[in-house]
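Below is one structure, written out as structure tokens; the observations come after it.
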Amino acid sequence: MVKSIGIRKLKTAIFISGNGSNMKNLIRFSKTKNSPIVVDFVLSNNKKANGIIHLKKTKINFKIFNFKQRNNDEKKILDILEERKIHLICLAGFMKILSKNFIKKFNGKILNIHPSLLPKYKGLNTHERVILNNEKFSGCTVHIVNERLDSGKIILQKKVKISKKDNSETLSKKILKQEHLLYPKALRKMLSKI
Ligand code: GAR
């Protein structure tokens, strides 16, 4: 933990795969007054992730692991996380599946944001499936990661109304906006209890 102006901030790593808008938002949040986290490290499985372009303009440490040899990569990642004394991992658009062993080592300390109202629409292509099923509502969920995909304890959810004009792209934008509000809120909620 890092002590900053009277409050303890949890050293946090963010894992990304793509655009990194949730990552950017969490970095912004970490710099706000009384934020409970400090972003110390970012991991991407994709060296071309847009999020990496942004990180190059910051002082935040990052590394790329392509997860082609997941067990090897995870061992190296665990070493880095231990060395940097990381207490919390926030998955933010991270599209790789972590092993049971990795999740066990960070038991209860990995959070994920998923663009649906879990337990509905776990997995990929969420918005496409929601639109195809003519759902009236979708949303986003922040949950603790356990060994089953998108199934851990829910911390917070936000419901979003789907309009008749929405397609998967417009819905994804609408939900992403809400994700940016929900992730910081969920972190505050979870971390106020420890
Ligand atoms: C977000 O909508 C996030 O919820 C989703 O990927 C997007 C990443 O956007 N995550 C998943 O689908 C995880 N299964 P971002 O890179 O701009 O944060």
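Each ligand, and each atom within it, is numbered from 1 in the order the structure gives.
- Counting only heavy atoms from C-beta outward, the side chains of Phe102 and Val145 never approach each other to under 4.5 Å.
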| request: Apply ring pair (Phe, Tyr, Trp, His ring centres under 6.0 Å) to the pair Phe67 and Phe15, showing each step before the final yes or no. | output: CA-CA 12 Å; Phe67 275 70; Phe15 289 11; 7.5 Å; no
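- At least one heavy atom of Met95 sits under 4.0 Å from some atom of ligand 1.
- In this structure, Lys120 pairs ionically with Glu135, as a charged nitrogen and a carboxylate oxygen lie closer than 4.0 Å.
- Residue Asn22 has at least one nitrogen or oxygen atom sitting less than 3.5 Å from a nitrogen or oxygen atom of ligand 1, judged on distance alone.
- In this structure, atom 17 (O) of ligand 1 lies nearest to the protein heavy atom Ser21 OG, 2.6 Å.
- Within a 6.0 Å sphere centred on CD of Glu147, heavy atoms belonging to other residues, nucleotides or ligands number more than 12.
- Looking from atom 5 (C) of ligand 1 to the surrounding protein, the closest heavy atom is Pro115 CD, 3.8 Å.
- Between atom 16 (O) of ligand 1 and the options Gly18, Gly20, Gly93, the minimum heavy-atom separation is to Gly20.
- Side chains of Ser17 and Lys96: no donor on one and acceptor on the other come within 3.5 Å.
- Neither the backbone nor the side chain of Ile16 has any atom closer than 4.0 Å to an atom of ligand 1 (non-hydrogen atoms only).
- Annotation: atom 1 (C) of ligand 1 to nearest protein heavy atom, Glu179 OE1, 3.2 Å.
- Counting heavy atoms of neighbouring residues, nucleotides and ligands inside a 6.0 Å radius, atom CG of Leu149 exceeds 12 of them.
- Considering only non-hydrogen protein atoms, atom 14 (N) of ligand 1 sits nearest to His114 ND1, 3.5 Å.
- Short contacts between ligand 1 and Asn19, defined as distances under 4.0 Å to a heavy atom of the residue, involve ligand atoms 16 (O), 17 (O).
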| Ile131 and Ile162: side chain to side chain contact (heavy atoms under 4.5 Å, CB included), yes or no, with the steps? | CA-CA 9 Å; Ile131 295 283; Ile162 305 174; 4.3 Å; yes
